[in-house]
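Single-structure report; data block below.
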Amino acid sequence: MTERIKTIELIDVNLEFYDGMVISEVKDDVVFEIEHVEQILKVCNEVYEGADFVYISDRKNNYNVNPTIYFELKDVKSLLGIAIVSQRYEALKVADFEKQFSPVPFDIFSHMEEARAWAKTLL
């Protein structure tokens with residue numbers, strides 16, 4: 001595992017930055033909207049200075065995602081892919097629905113190490 005570069009805690013999301021990948025953990029009961037995406041992309045752009053990265057969502061907690069947020073990602077050239085990680089069946093089922101909206105490579109995993117390995121293939 002590569003070394004963590006930085007950790008940033010936002011109001012609704014914790015972000016851990018590694019070389020070329022950011023792992024997010026959205027807090028319980030959040031409704032994840034475009035405002036969250038904009039805030040995360042701004043932070044990622046600052047940390048990675050415009051370089052390419054992969055976004056990994058660690059869905060440990062129970063929250064809702066507005067699937068229209070994915071339409072906002074079509075012009076984000078530095079975002080190479082999105083991985084969803086969860087061991088909860090419901091979260092995996094929702095992620096499978098969200099996948100159809102993503103303009104970037106999008107995959108679903110049960111284990112973080114699988115997601116990190118996939119992310120490395122995109123970098």
Side-chain angles (χ1 to χ4, degrees):
M1 181 183 289
T2 59
E3 203 171 304
R4 184 172 46 225
I5 298 169
K6 185 177 219 168
T7 300
I8 296 177
E9 187 170 334
L10 303 173
I11 293 171
D12 293 327
V13 185
N14 293 326
L15 301 170
E16 290 186 354
F17 292 89
Y18 298 85
D19 188 27
M21 64 186 84
V22 57
I23 299 174
S24 75
E25 186 179 316
V26 177
K27 296 177 182 173
D28 263 327
D29 301 322
V30 168
V31 177
F32 198 76
E33 297 280 0
I34 190 59
E35 296 79 22
H36 296 100
V37 173
E38 290 169 348
Q39 188 178 29
I40 290 169
L41 288 173
K42 181 177 185 268
V43 173
C44 287
N45 195 41
E46 290 169 4
V47 171
Y48 293 121
E49 299 176 345
D52 293 342
F53 68 96
V54 176
Y55 179 85
I56 300 174
S57 176
D58 190 353
R59 295 204 176 165
K60 293 178 181 174
N61 299 320
N62 190 23
Y63 62 94
N64 293 303
V65 176
N66 178 345
T68 63
I69 65 169
Y70 293 101
F71 298 136
E72 302 298 320
L73 302 177
K74 67 183 183 318
D75 296 324
V76 182
K77 304 294 183 224
S78 56
L79 178 62
L80 299 182
I82 298 170
I84 307 297
V85 179
S86 184
Q87 294 186 334
R88 296 181 308 113
Y89 174 75
E90 302 81 27
L92 297 174
K93 195 166 75 171
V94 169
D96 193 49
F97 171 75
E98 291 171 26
K99 184 176 186 173
Q100 67 185 320
F101 297 97
S102 180
V104 297
F106 186 110
D107 216 333
I108 303 164
F109 303 93
S110 297
H111 302 286
M112 183 58 68
E113 287 312 310
E114 296 169 335
R116 292 173 71 102
W118 177 79
K120 287 179 185 175
T121 68
L122 299 178
L123 293 167

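- In this structure the side chain of V22 reaches within 4.5 angstrom of the side chain of Y48, judged on heavy atoms.
- For K77, the salt bridge (charged side-chain N to carboxylate O under 4.0 Å, His left out) criterion is met by no residue, not counting sequence neighbours.
- Remark: D19 CG is loosely packed, at most 12 non-hydrogen atoms of other residues, nucleotides or ligands lying under 6.0 Å away.
- Shown here is E49, whose CD atom has no more than 12 heavy atoms of other residues, nucleotides or ligands within 6.0 Å.
- Two residues are said to be in side-chain contact when any heavy atoms from C-beta on lie closer than 4.5 Å; Q39 and D12 fail this criterion.
- Every residue meeting the side chain to side chain contact (heavy atoms under 4.5 Å, CB included) condition with L92, not counting sequence neighbours, appears here in chain and number order: S86, I108, S110.
- When side chains are defined from C-beta on, I40 counts as touching Y55, because their heavy atoms get closer than 4.5 Å.
- Partners of K27 by salt bridge (charged side-chain N to carboxylate O under 4.0 Å, His left out), not counting sequence neighbours, listed by chain and number: E9.
- R88 meets the salt bridge (charged side-chain N to carboxylate O under 4.0 Å, His left out) test with no other residue; sequence neighbours excluded.
- With sequence neighbours left out, N66 forms a side chain to side chain contact (heavy atoms under 4.5 Å, CB included) with E33, T68, I69.
- Aromatic ring centres of F101 and F106: separated by at least 6.0 Å.
- Checked against salt bridge (charged side-chain N to carboxylate O under 4.0 Å, His left out), D107 has no partners two or more places apart in sequence or in another chain.
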